[in-house]
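This report refers to the structure that appears directly beneath it.
Values below: every heavy atom of this structure, side chains too, minus hydrogens, waters and symmetry copies. Positions are given from 1 along the sequence.
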Amino acid sequence: MVLAPTVKLNNGLEMPVLGLGTYLAKEGEGVQAVKDAVDAGYRHFDTAYFYENEKEVGEALRAKIADGTVKREDLFVVTKLWNSFHDPAHVETAFQKSLENLNLDYIDLYLMHMPMAYEFRGFDGDLLPKDAEGNLCYGDTDYIETWKAMEKLMATGKVRSLGISNFNSKQITRLLEIATIKPVVNQVECSIQLNQKKLTKFCKDLGIVLTAYSPMGRPHNYGKDANVPKPALMDEKVIEIGKKYGKTSGQVVLKYLVQELGVVPIPKSANSERIKQNIDIFDFTLAPEDCAYLDSLNKNHRTIPFALCLKHKYYPFNEEF
């Protein structure tokens with residue numbers, strides 16, 4: 001079993017520097033993946049209302065607490081407010097639904113999933129609301145108002161930290177002008193091919209940790225999605241670098257993100273062997289020449305551009321970072 005080191009957040013709490021992403025992990029597969037991850041040493045788990053697997057994540061974590069493998073205080077559980085619930089009138093209900101789905105006493109970190117609001121169609125309605133022509137229906141709630149409503153959740157004692165996801169530097173600056181509680185994290189797509197160095201430095205200077213989703217470059221979609229280039233873990237030189245350290249190319253990719261970029265990757269896997277491999281990256285250090293090669297693979301290429309949201313007034317990816 002390998003335990004990841006932790007990073008101190010701006011509110012004094014600690015977060016493990018590597019976690020398990022659970023997007024697309026549903027039903028029995030999701031439960032087993034989370035149990036396998038706890039056994040492998042993971043203590044940081046990332047889910048979201050939109051993933052529709054909070055119940056599975058919670059079930060697995062409660063089972064591992066019940067069998068004595070972990071205590072609740074050992075775990076760092078993250079979930080997210082979905083875009084359809086940005087209206088301040090809906091924020092507390094949305095949070096409560098996530099808390100009930102997880103069936104835990106509290107949530108460690110609650111993120112605003114995106115700065116973009118969608119039309120509200122009820123809590124059990126379509127999470128991707130479309131019009132008759134199939135266009136996504138946007139909401140007009142300002143993320144500033146959503147954040148103010150999220151801040152009120154802290155008084156419930158049921159959430160320990162607040163954060164954001166998919167925000168650009170200008171949106172973060174605007175948010176901080178009104179925030180009475182600073183976000184501890186900005187979770188964004190970050191990989192060797194989208195290394196986010198400018199955004200990471202910007203956030204670090206503000207005391208905000210960058211969490212990296214899709215840290216492997218979405219290998220499961222390579223060859224199926226024209227927007228997904230050949231992931232770095234399939235690069236022959238990266239595979240060679242791995243052999244030098246007795247590690248896989250995937251372990252090299254994750255080590256680079258933690259060691260060189262200083263971000264917190266949350267790789268998703270349902271494969272128990274790969275789950276073990278992904279956290280087993282804390283017993284080696286990449287040499288400068290290897291990091292230089294990995295640096296050279298950056299293409300600033302985003303594999304998840306939120307194409308349905310290109311016309312949203314708060315679309316975040318038109319800015320450089």
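The two residues W147 and G163 have their closest heavy-atom pair at CZ3-O, 3.4 Å.
Counting heavy atoms from C-beta outward, I107 and F95 have side chains that approach closer than 4.5 Å. Residues I241 and S249 fail the side-chain proximity criterion, which asks for heavy atoms closer than 4.5 Å. M112 has its side chain within reach of H86: a pair of non-hydrogen atoms, C-beta onward, lies under 4.5 Å apart. Using a 4.5 Å heavy-atom cutoff, the side chains of L18 and P267 are in contact.
One hydrophobic cluster, built from ILVMFWY side chains closer than 4.5 Å, cannot hold both L194 and M216; they sit in different ones. By the criterion of side-chain heavy atoms lying less than 4.5 angstrom apart, applied directly or through intervening Ile, Leu, Val, Met, Phe, Trp or Tyr residues, Y314 is grouped together with L310 in one hydrophobic cluster. Linking Ile, Leu, Val, Met, Phe, Trp and Tyr residues whenever their side-chain heavy atoms come within less than 4.5 Å places V159 and V184 in a single cluster.
Using a 30° and 60° split on the angle between ring planes, Y51 and Y23 fall in the tilted class, from 30° to 60°.
Remark: the Y143 side chain and the R174 side chain contain an N/O donor-acceptor pair separated by less than 3.5 Å. In the model, N186 has no side-chain atom that pairs as donor or acceptor with a side-chain atom of T211 under 3.5 Å.
Judged by distance alone, with hydrogens and angles left aside, the side-chain atoms of N83 form no donor-acceptor pair with the main-chain N or O of A117 at under 3.5 Å.
When the options E14, R43, H44 are evaluated for a side-chain hydrogen bond (donor to acceptor under 3.5 Å, both in side chains) with T6, the one that passes is E14.
For the pair D140 and K313, the salt-bridge criterion is not met [side-chain N within less than 4.0 Å of a carboxylate O]. A salt bridge links R72 with D108: the distance from a Lys NZ or Arg NE/NH1/NH2 to an Asp or Glu carboxylate oxygen falls below 4.0 Å.
Ring centers of W82 and F50: under 6.0 Å apart, within the cut-off.
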